[in-house]
Amino acid sequence: MTYKKQFVYALLTAILAGIITYVTQAMSGWPIPTCEGNGLTYICFVCWACYFVCGCNVKGAINWILSMAVGVIFAILMFVVTFALMGCGLDYLMAVSIAVVIWVIFMMFYDRVKLNGAGVFVGTGLFFSLNAAGALTTFTMGDYLLVGGTELIYSAIGLLAGWLTIQFAGWVTKE
């Protein structure tokens with residue numbers, strides 16, 4: 001790619017990054033009312049990069065988002081087991097550590113069913129980061145599903161941005 005084409009590609013990608021930032025900040029964390037401003041923009045950028053990890057194609061992106069959904073389910077299971085263990089007298093640190101050990105064993109097998117193992121872990125990790133950001137105000141199934149759904153919405157925006165980046169490269173290099 002020539003420097004001129006590289007500049008056009010970089011400019012298109014930068015404009016897309018600006019649009020993604022604007023749109024996700026304008027969403028103000030929707031549908032989670034507790035995350036304001038750019039609180040969830042990072043999910044889009046993480047999944048934008050993940051588009052390149054999952055093969056730079058729509059089939060890989062669909063597999064990635066499904067894998068992330070499985071990761072969300074595992075994160076929810078980790079919360080449920082953590083609170084159950086805390087109810088049995090364990091402190092939080094020990095309870096969450098045991099819950100993670102239990103469920104990561106199962107997470108390690110998801111590549112055997114044609115899901116992306118990295119996507120499962122990213123889905124779980126982003127769910128935990130949403131909790132750290134204050135998205136989970138109560139630990140009910142409704143909250144878990146709302147936060148998980150929100151994660152997948154912002155992830156899909158990021159994957160779409162990755163797809164557009166590949167399209168830009170094709171447009172710029174087309175003879």
Side-chain angles (χ1 to χ4, degrees), residues 20-51 53-54 58-163:
I20 294 295
T21 300
Y22 181 88
V23 168
T24 57
Q25 288 187 17
M27 290 168 67
S28 293
W30 175 87
I32 301 173
T34 60
C35 292
E36 304 219 2
N38 65 354
L40 301 181
T41 301
Y42 75 96
I43 295 172
C44 297
F45 282 91
V46 166
C47 288
W48 188 340
C50 290
Y51 186 80
V53 173
C54 67
V58 174
K59 182 179 177 184
I62 291 168
N63 183 277
W64 187 270
I65 201 94
L66 292 173
S67 300
M68 286 187 64
V70 168
V72 166
I73 292 166
F74 276 112
I76 292 167
L77 292 170
M78 288 175 191
F79 275 98
V80 169
V81 169
T82 296
F83 290 125
L85 291 172
M86 288 172 63
C88 294
L90 289 179
D91 69 344
Y92 171 77
L93 184 58
M94 184 57 71
V96 74
S97 298
I98 291 170
V100 167
V101 168
I102 290 168
W103 292 113
V104 166
I105 291 170
F106 295 99
M107 291 168 64
M108 293 298 295
F109 285 91
Y110 267 83
D111 59 342
R112 291 186 169 262
V113 293
K114 304 293 185 211
L115 289 177
N116 189 307
V120 173
F121 277 86
V122 169
T124 303
L126 287 176
F127 191 90
F128 275 94
S129 73
L130 283 166
N131 175 54
L136 285 169
T137 55
T138 61
F139 296 91
T140 64
M141 190 53 68
D143 261 7
Y144 291 145
L145 295 175
L146 179 63
V147 170
T150 301
E151 175 184 332
L152 296 176
I153 289 168
Y154 284 79
S155 298
I157 293 169
L159 292 168
L160 175 64
W163 178 81

In Å and rounded to the nearest 0.5 Å, what is the [atom1] to [atom2] distance from [X] to [Y]?
X	Y	atom1	atom2	value
Leu40	Ile43	CG	CD1	5.0 Å
Phe109	Leu115	CZ	CG	14.5 Å
Asn131	Phe139	CG	CZ	4.5 Å
Cys47	Leu126	SG	CG	6.0 Å
Thr138	Leu136	OG1	CG	7.5 Å
Met68	Leu152	CE	CG	6.0 Å

Hey, does the side chain of [X] reach the backbone of [Y] with a donor-acceptor pair shorter than 3.5 angstrom?
X	Y	result
Ser67	Gly119	no
Asn116	Trp64	no
Thr24	Thr41	no

**Study point:** Pairs meeting criterion side chain to side chain donor-acceptor pair (under 3.5 Å) with involvement of residues 144-163, two or more places apart
**Key:**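 Those involving residues 144-163 do not exist here.
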Point to revise | Other residues, nucleotides, ligands: >12 heavy atoms within 6.0 Å of Tyr22 OH | key: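 Not more than 12 within 6.0 Å, no.
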Which pairs of donor and acceptor atoms, one on a side chain in residues 73-101, lie under 3.5 Å apart (sequence neighbours left out)?
from: Thr82; atom 1: OG1; to: Met78; atom 2: O; distance (Å): 2.7
from: Asp91; atom 1: OD1; to: Met94; atom 2: N; distance (Å): 3.1
from: Ser97; atom 1: OG; to: Leu93; atom 2: O; distance (Å): 2.7

Student check: side-chain heavy atoms of [X] and [Y] closer than 4.5 Å:
X	Y	result
Leu159	Cys44	no
Pro31	Leu146	yes
Trp103	Thr124	no

Exercise for review: Flag the pair Trp48 / Tyr51 as yes when their ring centroid distance falls below 6.0 Å, and as no otherwise.
Suggested key: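 That pair fails the under 6.0 Å test.
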**Study point:** Atom of Tyr42, atom of Ser129 and distance for their closest heavy-atom approach
**Key:**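 Heavy atoms of Tyr42 and Ser129 come nearest at OH-OG, 2.7 Å.
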